[in-house]
Engineer: 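Take a look at the following structure, please.
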Amino acid sequence: MARPYYVTTPIYYVNDRPHIGHAYSTVAADVVSRYQRLRGNPTYFLTGLDEHGLKIERRAREEQLAPQDFVDRMAAPFRSAWEELDCAHDGFIRTTSAEHRQSVQAIWKMMKDRGDIYLDDYEDWYCVGCESFKTVKELLEGNLCAIHRTPVERIKERSYFFRLSNYTKPLLNHYEAHPDFVQPDARFNEVKSFVKEGLRDLSISRTSFRWGVPVLDDEEHVVYVWLDALTNYVSALGGPAPEGEAPLYDEFWTSAQTITHIVGKDILRFHAVYWPAFLLSAGVRVPSQIWAHGWLTVNGEKMSKSLGNFLPPGPLVEAFGADVLRYYLMREVGFGQDGDFSHRNLMARYNGELANGLGNLMNRIVASIVKRNLDGRVPSAGLDDLEDADRDLIDTAKAAAHEAAQHLEALAFHRALDTTWELVSAANKYVDSTEPWRLAKQGAKQRLEQVCYTVLETLRWLSIMLFPVMPNKCNELRGQIGMPPLLPTEGVDLWPSAWGGLRPGIETRAATPLFPRFDEAQERSILERLAVDSPGSDAK
RNA sequence: GGCGAUGUAGCUCAGGUGGUUAGAGCGGGCGUUUCAUACGCGCUAGGUCGGUGGUUCGAGUCCACCCAUCGCCA
């Protein structure tokens, strides 16, 4: 049974350069998509760029480029960032593409045909510095902009409006019918209380700039950036379109089992309120879930333009490798909560969990015991001769795989990894308690084979369970235990559930440690190379 | 100002519907093995569970108020 899964990141504003926050969203979406593919589900992973707006128009002019040339140039670093991080998206949507523009106009028409769009005068206070309207309550005394502290002007602009006010009730109904529509729950509460206050009609066109999607039949207006941007999720699939005209849209939107939008908490309202309202109006299916993750600080400090501490992912990938960075991002902070990206923490987890835990587990068995005593081959082991210790580890593996899967379904990446490490830890304890090196000396061949097989099979399970987060390292691990790389296949569920998939007789290929430990000198030089202040070295 | 959270060991956090000595990981301390990436394993942390007052035979776990931090809306 095909259960199409569609996962998206926000489209990033192309005016920025990719930083660790973008990477966080994108890696999370990639992990989701890799997990779904492992389970055999048809999966589509979309990311992309928001390339319209006044800011882009201006920047392009400053750089004396046509806006399109400017965004073309700015798009490149995003593409390469996702490649470096092994984020294997299926689609990369750019809002300046012709298909996207058509989709925006198509949605506009559907909303208009519904009678939800009208032209009216919009009059309010306007701050020239902000380039935006302000409500009275946002102003300081004396009609000053709270940000610029300059007087605001009374401006009247003709604009198209969307009858958002008509959707207060339908949205509340939708929320009630879909208690998981927004995650985490606390964020959902915010959304609900915002909507309960009652929604006002939304201005959805601008005449103050040109760099956008022209409004259908009224080219003086450009479509409001958020209506434009949100539409990317369907335009990338060729929608909205009548059935049969856009196969991707049929599969991954209209009849998708699950549609998950991963977003930062700052843009939750647009996704949880405006977007479903637009879709309800257009008569288009609403996504299953909006997942709002938290913000990352960097070494305890907020990333900001003024501090100039935007952390690009590139140098981190160079220093640690994509898999390790992905692991750290998914492991360190609970998805949905704010957290801190700390170089020191990353290295501590690397040494403690990856090197000492998983890496050493593989190494002590594969490169040492199996290689020296079993001719480097996977031994045969009968399920009939299992001892209690073996059964315990197998049970632990089964429980961990089951739990980790549940956590991954729920995008609780940190919990999934936590659970997985319980298995790593149990396996290390198992090796200690069964003492295979002693079995070898004693010539207890059969028992030795059983023990080694049990650990190797555990490693095989781990190579699958960790694959969504660390695809390359997992394939390396598989290589060392004699397994081929994982090849997710539609319709085939590869998630481990039955013990004994590792075939006896195959040759293991011991190689260098998976995660070579950093010594202090290396840590220092990495920190230096990345130009990280080291206030943490409180030695003297 | 309105609404909603959060406040548990040095750090990061778990602790459905109240019930014997409040948990985990990391860090710290002690011990131990030697197969392994000086890795692993075992033991250890005596923390007024933000504060006060209640309900109850019994409360991190329910109620009230207070303090602090944060988020959303204004």
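In what follows, every chain begins at residue 1, and chains take the letters A, B, ... in the order their sequences are listed.
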Engineer: Look at all strands and tell whether A/Lys441 reaches a base, only sugar-phosphate, or nothing, counting heavy atoms closer than 4.0 Å.
Structural biologist: sugar-phosphate

Engineer: Roughly how far, to the nearest 0.5 Å, is the OG atom of A/Ser368 from the CG atom of A/Asn363?
Structural biologist: 8.0 Å

Engineer: For A/Asn363, which contact category applies under a 4.0 Å heavy-atom criterion: base, sugar-phosphate, or nothing?
Structural biologist: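 The answer is base, as A/Asn363 lies within the cut-off (heavy atoms under 4.0 Å) of a base atom.
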
Engineer: In whole Å, measure the gap between the P atoms of B/rU20 and B/rU33 for me.
Structural biologist: 39 Å

Engineer: Counting any heavy atom closer than 4.0 Å, what does A/Ala355 reach on the DNA or RNA strands: base, sugar-phosphate only, or nothing?
Structural biologist: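 Result for A/Ala355 = base.
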
Engineer: Does B/rC35 have a Watson-Crick or wobble partner in any strand here, with both distances under 3.5 angstrom, and which is it?
Structural biologist: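 B/rC35 is unpaired by these criteria.
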
Engineer: Does A/Arg438 have more than 12 heavy atoms from other residues, nucleotides or ligands lying within 6.0 Å of its CZ?
Structural biologist: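 Incorrect, the count does not exceed 12.
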
Engineer: Can you see if the side chain of A/Lys371 gets near the phosphate of B/rC35 - specifically, an N or O under 4.0 Å from OP1 or OP2?
Structural biologist: no

Engineer: What about A/Asn360: does its side chain form a donor-acceptor pair under 3.5 Å with the base of B/rA36?
Structural biologist: yes

Engineer: Round to the nearest Å and state the distance from A/Tyr430 atom OH to B/rG42 atom C1'.
Structural biologist: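 In whole Å, B/rG42 C1' and A/Tyr430 OH are 19 Å from each other.
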
Engineer: Just N and O in the side chain of A/Arg372: are any of them under 4.0 Å from OP1 or OP2 of B/rA36?
Structural biologist: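 Yes, such a contact exists.
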
Engineer: Looking at A/Lys196, does any N or O in its side chain come under 4.0 Å of the phosphate oxygens OP1/OP2 on B/rC73?
Structural biologist: no

Engineer: Would you tell me if any nitrogen or oxygen in the side chain of A/Asn356 comes within less than 4.0 Å of OP1 or OP2 on B/rG40?
Structural biologist: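 Checking A/Asn356 against B/rG40: at least one side-chain N or O falls below 4.0 Å of OP1 or OP2.
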
Engineer: Quick check on RNA chain B: between A/Phe518 and A/Val191, whose nearest nucleotide comes earlier from the 5' end?
Structural biologist: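 Its nucleotide being nearer the 5' end, the pick is A/Phe518.
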
Engineer: Using a cut-off of less than 4.0 Å, is there contact between a side-chain N or O of A/Arg269 and OP1 or OP2 of B/rC73?
Structural biologist: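 Result: yes.
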
Engineer: With P as the reference atom in both, quote the distance from B/rC62 to B/rG4 in angstrom, rounded to an integer.
Structural biologist: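 So the two P atoms sit 16 Å from each other.
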
Engineer: Touch check for A/Leu268, heavy atoms < 4.0 angstrom, all strands: base, sugar-phosphate only, or nothing?
Structural biologist: nothing

Engineer: Between A/Trp291 (side chain) and A/Val182 (backbone), is there a donor-acceptor pair under 3.5 Å?
Structural biologist: no

Engineer: Tell me if B/rG60 is syn or anti. Syn = glycosidic torsion within 90° of 0, anti otherwise.
Structural biologist: syn

Engineer: Considering only atom C1', compute the distance from B/rU34 to B/rG42 and round it to an integer number of Å.
Structural biologist: 15 Å

Engineer: Suppose we define a pair by two distances each less than 3.5 Å, Watson-Crick or G-U wobble; what does B/rG7 pair with here?
Structural biologist: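 By the stated definition (distances under 3.5 Å), B/rC67 pairs with B/rG7.
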
Engineer: Taking the inter-plane angle between the rings of A/Phe335 and A/His293 on a 0 to 90° scale, is it parallel (under 30°), tilted (30 to 60°) or perpendicular (over 60°)?
Structural biologist: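 Tilted, since the angle between the ring planes falls between 30° and 60°.
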
Engineer: Looking only at atom P, what distance separates B/rA22 and B/rU61, rounded to whole Å?
Structural biologist: 15 Å

Engineer: Who is the Watson-Crick or G-U wobble partner of B/rU55, with both distances under 3.5 Å?
Structural biologist: none

Engineer: In terms of the nearest nucleotide of RNA chain B, which residue is placed more toward the 5' end: A/Asp338 or A/Lys429?
Structural biologist: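 Counting from the 5' end, the first nearest nucleotide belongs to A/Asp338.
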
Engineer: Rounding to an integer number of angstrom, what distance separates B/rU48 and B/rU12 when you compare their C1' atoms?
Structural biologist: 22 Å

Engineer: Looking at A/His178 and A/Asp180, would you say the former's side chain and the latter's main chain have a donor-acceptor pair under 3.5 Å?
Structural biologist: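 Between the backbone of A/Asp180 and the side chain of A/His178 there is no qualifying donor-acceptor contact (under 3.5 Å).
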
Engineer: How far, in whole Å, is B/rC67 from B/rG50 if one measures between their C1' atoms?
Structural biologist: 8 Å

Engineer: Would A/Lys55 pass as a cation-pi partner of A/Tyr13, given that its NZ or CZ must be under 6.0 Å from the six-membered ring centre and within 45 degrees of the axis?
Structural biologist: no

Engineer: Provide the distance between the two P atoms, one in B/rU52 and one in B/rC43, to the nearest whole Å.
Structural biologist: 35 Å

Engineer: Taking the six-membered ring of A/Phe194 as reference, does the cationic atom of A/Arg269 (NZ for Lys, CZ for Arg) lie under 6.0 Å from its centre and within 45° of its axis?
Structural biologist: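 Flagged: A/Arg269 positioned over aromatic ring of A/Phe194.
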
Engineer: Counting any heavy atom closer than 4.0 Å, what does A/Arg187 reach on the DNA or RNA strands: base, sugar-phosphate only, or nothing?
Structural biologist: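 Touches sugar-phosphate only.
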
Engineer: Between A/Arg517 (CZ) and B/rG40 (P), how many Å, whole number?
Structural biologist: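 Atom CZ in A/Arg517 sits about 7 Å away from atom P in B/rG40.
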
Engineer: Without decimals, in angstroms, what is the distance between A/Leu354 CG and B/rC26 C1'?
Structural biologist: 14 Å

Engineer: Quote, to the nearest angstrom, the C1' distance that separates B/rC49 from B/rG15.
Structural biologist: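 Each nucleotide's C1' atom is 10 Å from the other's.
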
